[in-house]
Trainee: 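Take this structure, written in C-alpha cells, and hold onto it; I'll ask about it next.
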Amino acid sequence: MARGRFAPDFDPDCGDAPLTSARQDVVIGRWQGLRALLRATGTDWEARGHRVRMLAQACADSSAVETWLAAEPRSADALVLRAATETTRAFQLAITAGRGVPIERRRIDSAVLACLTAAEAVPEDPTPWISLISVARLYPAGVRRTELARWWDELHRRDPYNVEGHLQVLHYYSARWHGTHGLMYDFARDAAGVAPAGCPLPVLVQYARVEEYRYALDAAHGDRGAVGLGHHWNHDGAVSDARRTWQRWIGARPPGPITPAELRDVNCLAHAACWADLPDIAAALLRMLGRRATRTPWSYTGDPAQQILRWRRELGVG
C-alpha cells in the first residue's frame with residue numbers, strides 16, 4: 001500500500017473474524033453463533049476473555065444472552081456471557097449517570113450475583129472473576145479489601161498471568177476509582193517484576209501511566225495543554241519503563257503474529273514508545289502492528305488516526 005493511502009484499521013474485534021461473525025448474529029437476534037464461538041474457544045483463556053468482553057458489549061443492548069439462557073438454562077458459556085453482559089450494562093448506566101453519580105446498588109449487586117453464579121458454573125474459568133473485579137469499581141466506596149483480595153486470589157489461581165484480570169485490578173487501585181497513583185504503580189510494577197520473560201504483564205506500567213494521565217486530564221477538564229504531554233510521557237522514568245517493557249516482553253516474546261487479545265497491549269506500548277522518544281522501539285512496534293490499531297490509548301492524546309499517521313511518517317515506517 002502506498003504511504004499516502006495508509007489508514008489505520010480500528011476493527012473493534014481486533015481482527016478476530018469469528019468474533020465479528022458472532023457479533024453480527026447478535027444484531028439479527030440469533031444466539032447460536034455465540035454458543036458456537038465460545039465452545040470453539042475452549043480453555044484458551046486469553047482469547048476467551050477477549051471474546052466474552054467484546055460479545056458482552058454487543059449483547060448489552062439486546063436480549064440475545066437472555067434468549068440463549070431461556071433455551072439452555074444450564075449452559076456454562078451462557079452464564080459467563082451473562083455475567084460479562086450485566087457488568088457492561090452496569091457500566092453503561094454509570095456512564096449515563098455521569099462521573100461521581102452513583103447508580104442503584106441493586107444493579108451492581110445483580111451483576112455481582114451473575115458473576116458468582118457463572119464462577120460456580122465453570123470453576124476453572126478465570127473470566128467471571130475478571131467481570132467481578134471490574135464491576136466492584138462501581139460501588140461508591142469499593143469493596144472490602146479482604147473481599148477484593150479473595151476475588152483476586154481466585155482469578156490468580158486460575159490464570160496467574162492474565163493481562164485483563166491484572167488490568168481490572170489496576171483500574172480499581174487507580175486514583176480515578178478507589179486507590180492512589182502510588183498504589184496503582186506498585187501493583188503494576190510488582191506484577192511486571194514476577195512475570196516470566198515474554199509475558200505481556202510489564203505493559204501494566206504503561207497502562208498505569210495512561211491512567212495517571214486520564215486522572216490529570218479529568219482534573220484539567222480535558223485541556224491537554226494544561227496537563228503537559230511531553231513531561232508526562234518522556235521523563236526519565238517513563239522512558240526507562242517503556243524500554244524495559246520492550247526488552248522483557250517483546251524482546252522475549254515467541255515469534256508470531258499479534259493475536260487479537262494482544263493488540264490493545266501492543267498499541268499501548270507503541271503509544272508509550274512514540275511519546276517517550278524511543279524511535280527504534282516505536283518504529284519496530286508500528287511495523288509489527290501494520291494497519292491494525294486500537295483507539296485507546298491514542299485517543300487520550302489526540303486523534304488516534306492522525307497520531308499514528310504522524311508517528312509513522314516521522315519514524316519512516318513504510
Trainee: Using the ring centroid of each side chain, check whether His181 and Tyr215 are separated by less than 6.0 Å.
Mentor: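 Yes: the rings meet the under 6.0 Å criterion.
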
Trainee: Quick check on the 6.0 Å ring-centre criterion: do Trp311 and Trp275 meet it?
Mentor: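 Yes; Trp275 has its ring centre under 6.0 Å from that of Trp311.
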
Trainee: Look at the rings of Tyr213 and Trp233 and say which category their plane angle falls in: under 30° parallel, 30 to 60° tilted, over 60° perpendicular.
Mentor: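 Tilted: the ring planes of Tyr213 and Trp233 meet at 30° to 60°.
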
Trainee: Taking atom types as modelled, find out whether Gln168 and Ser134 have a side-chain donor-acceptor pair closer than 3.5 angstrom.
Mentor: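 Yes, side-chain donor-acceptor contact under 3.5 Å.
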
Trainee: State plainly whether the residues Arg51 and Asp13 are in salt-bridge range, i.e. N to O under 4.0 Å.
Mentor: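 Between Asp13 and Arg51 there is no salt bridge, as every charged N stays at least 4.0 Å from the carboxylate O atoms.
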
Trainee: Quick check on side chain to side chain donor-acceptor pair (under 3.5 Å): which of Thr41, Asp77, Thr43 does Arg48 satisfy it with?
Mentor: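 That would be Asp77; it is the only one of Thr41, Asp77, Thr43 passing the side chain to side chain donor-acceptor pair (under 3.5 Å) with Arg48.
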
Trainee: Would you call Arg157-Glu124 a salt bridge at under 4.0 Å N-O?
Mentor: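 Salt bridge: no.
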
Trainee: Aromatic contact between Trp152 and His166, with the criterion being ring centroids under 6.0 Å apart: yes or no?
Mentor: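 Close enough - the centres of the two rings lie under 6.0 Å apart.
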
Trainee: So, Arg82 and Glu86, do they make that salt bridge, N to O below 4.0 Å?
Mentor: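 A salt bridge is absent here (no side-chain N lies under 4.0 Å from a carboxylate O).
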
Trainee: Taking atom types as modelled, find out whether Asp186 and Tyr173 have a side-chain donor-acceptor pair closer than 3.5 angstrom.
Mentor: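 No - no donor-acceptor pair under 3.5 Å links their side chains.
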
Trainee: Relative to each other, are the rings of Trp177 and Phe91 parallel, tilted or perpendicular (30° and 60° limits)?
Mentor: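 Aromatic pair Trp177/Phe91 classed perpendicular.
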
Trainee: Using the test salt bridge (Lys or Arg N to Asp or Glu O under 4.0 Å), find all partners of Asp11 that sit at least two apart in sequence or belong to another chain.
Mentor: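 Once residues adjacent in sequence are excluded, Asp11 has no partner under the salt bridge (Lys or Arg N to Asp or Glu O under 4.0 Å) criterion.
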
Trainee: Just by distance, with hydrogens left out, do Tyr185 and Asp190 show a side-chain donor and acceptor under 3.5 Å apart?
Mentor: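 No, because no side-chain N or O of Tyr185 sits under 3.5 Å from a partner of the opposite role on Asp190.
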
Trainee: Restricting to salt bridge (Lys or Arg N to Asp or Glu O under 4.0 Å), what partner residues turn up for Arg30, sequence neighbours left out?
Mentor: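 Salt bridge (Lys or Arg N to Asp or Glu O under 4.0 Å) check on Arg30 returns Asp25.
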
Trainee: Is Asp153 salt-bridged to Arg150, cutoff N-O under 4.0 Å?
Mentor: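 Between Arg150 and Asp153 there is no salt bridge, as every charged N stays at least 4.0 Å from the carboxylate O atoms.
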
Trainee: Between the side chains of Arg89 and Glu104, is the shortest nitrogen-to-carboxylate-oxygen separation below 4.0 Å, so that they form an ion pair?
Mentor: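 Looking at Glu104 and Arg89, the cut-off is not met.
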
